[in-house]
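Following: one structure in structure tokens, then a few remarks.
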There are 2 protein chains.
Amino acid sequence: MIIKVKLVSALNEAYDALNDLLVKLFNNILTYEEKALITDEFKDISLNDMHVIEVIGLSQKKNMSSIAKSLEVTVGTLTIAINNLVKKGYVKRMRSVKDRRVVLVSLTEKGMHAYKHHEVFHDEMIKAIMKRLEGEQLDVLVKALKSVQEFFSTNKQI
Amino acid sequence: MIIKVKLVSALNEAYDALNDLLVKLFNNILTYEEKALITDEFKDISLNDMHVIEVIGLSQKKNMSSIAKSLEVTVGTLTIAINNLVKKGYVKRMRSVKDRRVVLVSLTEKGMHAYKHHEVFHDEMIKAIMKRLEGEQLDVLVKALKSVQEFFSTNKQI
DNA sequence: CGATATACTTTGATTATCAAAGTAAAGTTG
DNA sequence: CAACTTTACTTTGATAATCAAAGTATATCG
């Protein structure tokens with residue numbers, strides 16, 4: 001009897017802790033990320049802009065459709081975001097020579113700096129997590145997050 | 001030598017996995033929540049509206065300033081959100097009799113239904129997460145989330 | 001009573017977003 | 001190969017969320 005009660009209450013504790021943590025985390029991550037990213041050097045771009053920059057990435061030119069898909073916005077919305085980033089000097093636009101309908105987008109030097117700045121933020125967050133976990137706990141966490149992530153990605157379109 | 005390389009690469013793997021998972025999870029949870037909440041019954045309110053409803057809560061009347069503070073928006077922004085929710089019948093506005101500058105806000109019947117709907121969503125999400133985790137996974141997840149939360153809340157105002 | 005503070009609303013501006021219409025290039029087909 | 005369809009993107013018009021600053025009404029303090 002007692003054992004059962006104990007088990008249940010441990011589960012309840014985990015339940016409450018999870019609920020509480022998820023709510024708080026969501027609130028904090030966004031405001032933290034915003035404040036961490038929008039420094040004096042990059043004061044003219046929004047968190048949203050930074051996410052566009054993140055998706056464009058350092059490696060190679062990307063077309064509008066694929067960027068829009070990654071960001072889960074319409075191409076029209078992306079056009080406006082890219083207009084802004086071009087105006088501010090973070091991003092270059094080019095027409096593809098192969099297919100002249102296609103617009104190829106890439107980061108300027110300034111855009112790459114912003115990208116690296118963002119990377120540092122992510123890095124610190126991940127390191128902060130890893131520092132606090134010992135040995136196989138890290139493994140367990142990765143597995144746990146994977147299965148949670150699976151749930152969300154498969155149930156995404158309800 | 002080999003052992004060291006192995007260790008480092010295991011850590012790197014964990015690092016990459018964590019980074020990837022966190023980014024994906026964050027995006028997916030938001031879209032999942034949005035889709036789960038905005039059903040046929042509550043098709044006229046946004047996720048944002050739902051968060052306002054959540055903060056108002058079931059218990060007692062709240063004034064504008066305290067709600068705005070909880071949501072971390074200006075009172076002006078909240079005024080607009082509340083105008084909408086009143087127009088749609090989710091929320092009631094009253095003047096305090098004690099201090100007639102103060103506006104007291106509470107949920108209508110319809111608002112309470114929406115609140116409960118949201119609660120069910122949270123409950124199902126947490127249960128879905130818990131169901132997928134075995135043994136110590138739950139513990140480690142909670143611990144990891146706690147440390148992340150700590151990281152964010154202590155570093156919040158940069 | 002008059003000055004100041006507080007609680008809220010309004011206003012004007014900006015940003016993000018979408019759906020739908022528009023434009024231009026590429027592909028298909030009779 | 002001319003006409004139609006599809007694709008890739010931009011533009012337009014509308015809406016929502018947001019802020020800072022100005023405005024309004026009430027309360028408090030000296």
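Basis for what follows: all heavy atoms, side chains included, without hydrogens, waters or symmetry-related copies. Values in this document were obtained by computation on a predicted structure and should not be read as measured data. Lettering of chains follows the sequences in order, A, B, ..., and the numbering in each one begins at 1.
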B:I82 has an atom CD1; how far is it from atom P of D:dA17, in whole Å? 12 Å

Checking B:H51 now: which residues fulfil ring-ring contact (aromatic ring centres under 6.0 Å, His included) with it, not counting sequence neighbours? none

Would you indicate whether A:R100, at its atom CZ, is surrounded by more than 12 heavy atoms from other residues, nucleotides or ligands within a distance under 6.0 Å? no

Contacts of A:K69 meeting side-chain contact (heavy atoms from CB on, under 4.5 Å) (sequence neighbours excluded), chain-then-number -> none

Please check if the side chain of B:K62 supplies one atom and the backbone of B:V55 the other of a donor-acceptor pair under 3.5 Å. yes

Closest-nucleotide mapping onto DNA chain C: is A:D99 or A:T74 further toward the 5' terminus? I mean the 5' end. A:T74

Which whole-number value in Å describes the distance from B:M94 CE to C:dA7 C1'? 18 Å

Can you tell me how far P of D:dA16 sits from CG of B:L85, to the nearest Å? 12 Å

Residue pair A:Q149 / B:L21: nearest heavy atoms and the distance that separates them: CB-CD2, 3.9 Å

Is there any salt bridge (charged side-chain N to carboxylate O under 4.0 Å, His left out) pair reaching into residues 111-130 of chain A, and which pairs are they, with sequence neighbours excluded? A:D123-A:K127

Would you tabulate the pairs of protein nitrogen or oxygen atoms and nucleotide nitrogen or oxygen atoms of nucleotides 23-25 of chain D closer than 3.5 angstrom?
none

Could you pull out the closest heavy-atom pair between B:V142 and A:A17, with the gap in Å? CG1-CB, 3.9 Å

For residues 103-112 of chain A, which side-chain donor-acceptor pairs fall under 3.5 Å, sequence neighbours excluded?
{"residue": "A:T108", "atom": "OG1", "partner": "A:G89", "partner atom": "O", "Å": "2.7"}
{"residue": "A:T108", "atom": "OG1", "partner": "A:Y90", "partner atom": "O", "Å": "3.2"}
{"residue": "A:T108", "atom": "OG1", "partner": "A:K110", "partner atom": "N", "Å": "3.4"}
{"residue": "A:T108", "atom": "OG1", "partner": "A:G111", "partner atom": "N", "Å": "3.1"}
{"residue": "A:K110", "atom": "NZ", "partner": "A:K88", "partner atom": "O", "Å": "2.8"}

Is there any protein nitrogen or oxygen under 3.5 Å from a nitrogen or oxygen in nucleotides 9-16 of chain C, and what are the pairs?
{"residue": "C:dT9", "atom": "OP1", "partner": "B:R93", "partner atom": "NE", "Å": "3.0"}
{"residue": "C:dT9", "atom": "OP1", "partner": "B:R93", "partner atom": "NH2", "Å": "3.2"}
{"residue": "C:dT9", "atom": "OP2", "partner": "B:T79", "partner atom": "OG1", "Å": "2.6"}
{"residue": "C:dA16", "atom": "OP1", "partner": "A:S46", "partner atom": "OG", "Å": "2.6"}
{"residue": "C:dA16", "atom": "O3'", "partner": "A:N48", "partner atom": "ND2", "Å": "3.3"}

B:K62 NZ to C:dC8 P, in whole Å, measures 14 Å

For A:K98 and C:dG27, what is the distance between atoms NZ and P respectively, to the nearest whole Å? 12 Å

